[in-house]
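Report on one structure; see the data block that follows.
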Amino acid sequence: MLVQLPQQPQEERRFERKGERPSFEAALSRDLASVRVIAYGPIVGGVGKRVGDLAFAVVTAPAWGPLLLGALLVAQVRHAGTIHSALKADACVGYGGARFKRWRLHLSPPSAEIVPLNPQAQEAVAQPPEPIAGGRITWRDVIQRLPEMINILKGEMSLVGPRPVSDEDFEALRGGGKYYACARPGFVSASDCGPSDDPEALLCKYYAMRWNAALDVRIIWLALKRFRLSARVAEQRLPPEPE
């Protein structure tokens with residue numbers, strides 16, 4: 001971000017030589033220091049990608065809508081009738097660094113509550129871990145992500161894109177953050193295609209620089225190849241270990 005300063009009169013220049021800064025520049029410096037500036041380019045895919053996401057979400061709504069309502073009722077019963085415990089919103093970073101709430105469904109019933117001695121560690125205990133990238137994608141994983149279809153309808157997410165990250169994870173991307181901020185986070189991402197030795201920042205850069213419709217189709221196809229009905233079935237199909 002470039003800011004053009006007005007020309008300084010001779011009197012203000014004399015004050016600056018003495019170590020005194022004009023009030024305008026001092027206030028501007030404070031404002032710039034308090035604002036996080038994120039460099040990002042035009043949104044990946046543009047209007048065409050957004051129209052495709054919206055059309056897919058609307059056309060498939062008769063399928064995922066009732067499934068989401070049914071899963072929400074089941075999760076609500078497991079969580080003792082409290083919808084706030086079954087349906088949670090995580091603060092994530094979206095296109096251009098804008099914050100949004102990503103909706104997630106938690107099917108597991110609440111377990112014994114662990115109260116840490118350190119208050120700062122309480123949030124880490126409350127947040128369930130994300131699915132392991134090296135594991136299989138099951139129906140449970142898909143149902144837990146179904147509320148993200150609402151984010152797609154609202155324009156906060158896309159069908160394919162980088163997985164939404166929190167503020168802390170976004171800062172960890174460093175140079176890759178500008179590539180992450182060029183796209184809407186996706187319901188399906190490259191991390192769903194299988195384990196990779198490439199860091200997340202490099203995957204974001206590759207997606208932003210090489211995007212086309214064929215790349216989205218390929219990511220969806222590779223994610224579907226990792227889909228299994230349940231994790232138990234996937235474990236049974238593993239070959240026995242050699243003696």
Side-chain angles (χ1 to χ4, degrees), residues 1 37-64 90 92-104 130-139 141-167 169-228:
M1 182 172 64
V37 180
I38 300 174
Y40 60 94
I43 189 167
V44 172
V47 179
K49 183 175 173 63
R50 171 58 184 158
V51 172
D53 293 336
L54 188 60
F56 177 84
V58 172
V59 171
T60 59
W64 62 262
D90 301 330
C92 295
V93 180
Y95 170 69
R99 274 68 169 179
F100 73 97
K101 291 183 177 181
R102 178 191 63 166
W103 296 99
R104 298 276 291 183
E130 291 283 346
I132 300 175
R136 295 291 185 178
I137 301 176
T138 64
W139 270 113
D141 301 327
V142 175
I143 293 176
Q144 287 179 343
R145 293 186 186 182
L146 275 182
E148 295 180 1
M149 298 299 294
I150 300 176
N151 296 115
I152 295 179
L153 291 174
K154 295 172 63 177
E156 298 168 337
M157 292 182 60
S158 178
L159 181 61
V160 181
R163 283 302 298 165
V165 298
S166 61
D167 285 329
D169 294 335
F170 180 78
E171 294 293 341
L173 292 176
R174 298 185 180 274
K178 64 180 181 180
Y179 299 103
Y180 173 89
C182 289
R184 294 187 180 94
F187 182 90
V188 182
S189 68
S191 60
D192 296 321
C193 299
S196 175
D197 295 333
D198 297 328
E200 191 71 19
L202 187 59
L203 294 178
C204 294
K205 180 179 180 180
Y206 182 89
Y207 184 79
M209 300 292 292
R210 303 291 184 89
W211 180 88
N212 54 44
L215 179 60
D216 282 355
V217 174
R218 184 168 180 266
I219 291 176
I220 294 176
W221 171 247
L222 292 176
L224 289 175
K225 290 176 66 175
R226 297 182 62 238
F227 176 78
R228 295 292 183 271

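Every value quoted in this text rests on a predicted model; they were computed, and no experiment measured them. These numbers come from the heavy atoms of this one structure, side chains and all, not from hydrogens, waters or symmetry mates.
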**Study point:** Nearest non-hydrogen partners of Thr138 and Phe227, listed with the distance
**Key:** C-CE1, 3.8 Å
Point to revise | Audit row: Tyr206, Asp198, side-chain contact (heavy atoms from CB on, under 4.5 Å) steps and yes/no | key: CA-CA 10 Å; Tyr206 182 89; Asp198 297 328; over 6 Å; no
Point to revise | Contact check, side chains of Leu153 and Val58, non-hydrogen atoms, under 4.5 Å | key: yes
Review point. Can a salt bridge be assigned to the pair Asp53 and Arg184 using a cut-off of 4.0 Å between side-chain N and carboxylate O?
Key: no
Exercise for review: Taking all heavy atoms of Asn151 and all of Arg102, pick out the closest pair and write down the distance.
Suggested key: OD1-CA, 3.7 Å
Practice item. Using atom types as modelled and distance alone, determine if a side-chain donor or acceptor of Arg163 lies under 3.5 Å from a backbone N or O of Phe187. Key: yes
Point to revise | Reported CG-to-CH2 distance for the pair Asp90 and Trp103, which is rounded to 0.5 angstrom | key: 10.0 Å
Review point. Hey, mind stepping through Tyr179 and Leu173 against side-chain contact (heavy atoms from CB on, under 4.5 Å) and telling me if it holds?
Key: CA-CA 9 Å; Tyr179 299 103; Leu173 292 176; over 6 Å; no
Exercise for review: Evaluate the side-chain proximity of Tyr207 to Asp216: yes if any heavy-atom separation is below 4.5 Å, no if none is.
Suggested key: yes
Review point. Does the side chain of Pro185 reach to within under 4.5 Å of the side chain of Tyr180, using non-hydrogen atoms?
Key: yes
Review point. Are Arg99 and Asp167 within salt-bridge range, i.e. N to O under 4.0 Å?
Key: yes
**Study point:** Smallest separation among heavy atoms of Ala223 and Val188, with atom names
**Key:** CB-CG1, 3.8 Å
Exercise for review: Answer whether the closest heavy-atom distance between the side chains of Ile219 and Cys193 falls below 4.5 Å.
Suggested key: yes
Practice item. Measure across Gly186 and Pro164 and return the closest heavy-atom pair with its distance rounded to 0.1 Å. Key: O-CD, 3.8 Å
Point to revise | Side chains of Met157 and Met149 in contact at under 4.5 Å (non-hydrogen atoms) | key: no
Practice item. Determine the minimum heavy-atom distance between Gly161 and Ser189, stating which atoms define it. Key: O-CB, 3.0 Å
Review point. Could you state the interatomic distance from OG (Ser158) to CZ (Arg50), rounded to the nearest 0.5 Å?
Key: 8.0 Å
Exercise for review: First locate atom CG of Leu146, then atom CG of Asp141, and finally report the distance between them rounded to the nearest 0.5 Å.
Suggested key: 11.0 Å
Exercise for review: Determine, step by step, whether Val93 and Asp169 satisfy the side-chain contact (heavy atoms from CB on, under 4.5 Å) criterion, reporting the C-alpha distance in whole Å, the side-chain angles of both residues, the deciding distance to 0.1 Å, and the verdict.
Suggested key: CA-CA 9 Å; Val93 180; Asp169 294 335; over 6 Å; no
Exercise for review: State which residues pass salt bridge (charged side-chain N to carboxylate O under 4.0 Å, His left out) with Lys205; sequence neighbours excluded, sorted by chain then number.
Suggested key: none
**Study point:** Pairwise distance CD1(Ile152) to CH2(Trp64) - rounded to 0.5 angstrom
**Key:** 8.5 Å
Point to revise | Shortest non-hydrogen contact from Cys182 toward Ala208 | key: CB-CB, 4.5 Å
Review point. Looking at side-chain heavy atoms only, is the closest gap between Lys154 and Phe100 below 4.5 Å?
Key: no
Exercise for review: Decide, yes or no, whether a salt bridge links Asp192 with Arg145 under the criterion of side-chain N to carboxylate O below 4.0 Å.
Suggested key: yes
Practice item. Give, for atom CD1 of Ile137 and atom CG of Leu222, the distance between the pair rounded to the nearest 0.5 Å. Key: 10.0 Å
